[in-house]
There are 2 protein chains.
Amino acid sequence: MDKLEKTLESRTVRPTAMRLLVLKFLLQKKVAVSLTNIEEYFDNSERTTLYRTLKTFEENGIVHQIDDGTGTIKYAVCEENCNCELEQDLHLHFYCNNCDETVCLTEYKIPHINLPEGYLAENVNLVIKGLCEKCSGH
Amino acid sequence: MDKLEKTLESRTVRPTAMRLLVLKFLLQKKVAVSLTNIEEYFDNSERTTLYRTLKTFEENGIVHQIDDGTGTIKYAVCEENCNCELEQDLHLHFYCNNCDETVCLTEYKIPHINLPEGYLAENVNLVIKGLCEKCSGH
DNA sequence: TTTATAGATGCAATGGAAGTGCATTTAGTG
DNA sequence: CACTAAATGCACTTCCATTGCATCTATAAA
Ligand SMILES: [Mn+2]
Ligand SMILES: [Mn+2]
Ligand SMILES: [Zn+2]
Ligand SMILES: [Zn+2]
């Protein structure tokens with residue numbers, strides 16, 4: 001059986017043709033992708049199907065959403081045995097102002113943040129914007 | 001002369017009636033507000049005018065935008081002598097999942113984040129979501 | 001005071017993206 | 001094959017940001 005299929009089935013997601021293609025596409029990309037990116041990549045694709053595909057992936061821990069502040073949600077495949085947990089899996093995301101690409105810096109976990117008395121953290125989003133390695137010129 | 005007028009003029013923003021009202025409203029609110037919030041507060045207001053008012057305020061360092069991940073931009077008045085600078089003025093923002101309010105935690109500066117070689121930070125957005133002091137129950 | 005001009009405002013319209021309702025098709029199960 | 005749940009396709013809606021252009025207003029020059 002195909003490796004892609006295994007990935008989906010291990011997450012109890014039925015491996016349809018489109019889902020396999022989307023997963024393959026996500027895996028080969030080194031940067032986070034938007035719904036529109038995917039729609040543009042596949043010629044005869046239905047936006048709604050892709051939308052629900054990503055939603056299903058996300059609900060089953062295959063991908064995580066990235067809100068990089070551009071107004072468009074991006075998606076990236078989760079690491080092996082990721083649970084998208086605070087102070088565990090949550091990592092830094094970097095958006096390049098020049099090439100307009102967003103990447104997961106999975107090695108860079110979000111540091112623990114002290115909060116005022118009474119505040120309870122459930123989720124954290126940390127996005128750094130600037131120039132990526134390709135665009136900074138050094 | 002009025003204190004509000006002084007604030008605007010010191011930032012070279014002409015103190016029109018609407019601008020003064022908006023600034024007053026922003027100052028009295030302890031939480032970040034959206035364009036729609038302001039629109040709803042003032043009965044006969046024009047959305048576009050408010051939009052451009054906020055834009056003008058932001059361009060002249062009177063307010064800063066807050067992207068709390070809700071999909072709606074919020075605004076809050078900058079601190080005295082704030083320049084919205086990295087590692088200087090940029091602070092943490094907290095969004096309460098229960099009461100749907102976003103607050104500036106101006107005392108909580110964004111910690112320095114190490115980046116991989118070649119990456120250059122120009123801006124940082126750090127939003128914590130959870131329960132605020134009013135909603136956490138302790 | 002009148003006039004010129006830049007700036008501010010009002011109104012209409014656009015555009016991007018997320019999200020939903022419902023009919024139809026497809027794929028597993030007995 | 002027949003049944004049923006899941007997946008897909010299409011149309012439509014909603015929300016928010018943003019722009020173009022006409023009009024109004026305030027300030028400063030004549
Ligand atoms: Mn990521
Ligand atoms: Mn703030
Ligand atoms: Zn780049
Ligand atoms: Zn709250």
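Computed from a predicted structure; not experimentally measured. In what follows, chains carry the letters A, B, and so on, assigned in the order in which the sequence lines appear, proteins first and then strands, with residues in each chain numbered from 1.
The CZ atom of Phe57(B) sits 13 Å away from the C1' atom of dA8(C) (whole-angstrom rounding). Between the CD atom of Glu46(A) and the P atom of dT24(C) there is a distance of 16 Å, rounded to whole Å. Look at CG on Leu50(A): it is 9 Å from P on dG9(D), rounded to the nearest Å. In this structure, the CG atom of Asp68(A) is 13 Å from the C1' atom of dA17(C), given to the nearest Å. Atom CD of Glu9(A) is separated from atom C1' of dG28(C) by 12 Å (rounded to the nearest Å). The interatomic distance linking Asn60(A) (CG) with dA6(D) (P) rounds to 13 Å, in whole Å. Regarding Glu59(B), its CD atom lies at a distance of 11 Å from the P atom of dA8(C), rounded to whole Å.
Using a 4.5 Å cut-off on side-chain heavy atoms (C-beta onward), Asn98(B) and Cys132(B) make no contact. In this structure, Leu126(B) and Tyr108(B) have side chains that are not in contact, with every pair of non-hydrogen atoms separated by 4.5 Å or more.
For the side-chain hydrogen bond (donor to acceptor under 3.5 Å, both in side chains) test, residues two or more places apart in sequence or in another chain that qualify with Glu39(B) are Arg47(B). For the side-chain hydrogen bond (donor to acceptor under 3.5 Å, both in side chains) test, residues two or more places apart in sequence or in another chain that qualify with Asp100(B) are Tyr95(B).
Expressed to the nearest 0.5 Å, how far CD of Glu59(A) lies from OG1 of Thr12(A) amounts to 10.5 Å.
Residue pairs meeting the salt bridge (charged side-chain N to carboxylate O under 4.0 Å, His left out) criterion with at least one member in residues 102-114 of chain B, sequence neighbours excluded, do not occur. Residue pairs meeting the salt bridge (charged side-chain N to carboxylate O under 4.0 Å, His left out) criterion with at least one member in residues 62-76 of chain B, sequence neighbours excluded: Asp68(B)-Lys74(B).
Taking the ring centroids of Tyr75(A) and Phe57(A), they lie at or beyond the 6.0 Å cut-off.
Between dT8(D) and Thr16(A), a contact under 4.0 Å exists linking OP1 or OP2 to a side-chain N or O.
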Legend entry - Annotated protein contacts, base or backbone, on nucleotides 12-28 of chain D with a non-hydrogen cut-off under 4.0 Å, one of B, S, - each: ----SSBBBB-------

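Using a 4.5 Å cut-off between side-chain heavy atoms of Ile, Leu, Val, Met, Phe, Trp and Tyr, with links allowed through other members, Phe94(B) and Ile110(B) fall into the same hydrophobic cluster.
Near-neighbour residues of DNA chain D inside residues 21-28 of chain A, defined by a heavy atom below 4.0 Å, are absent.
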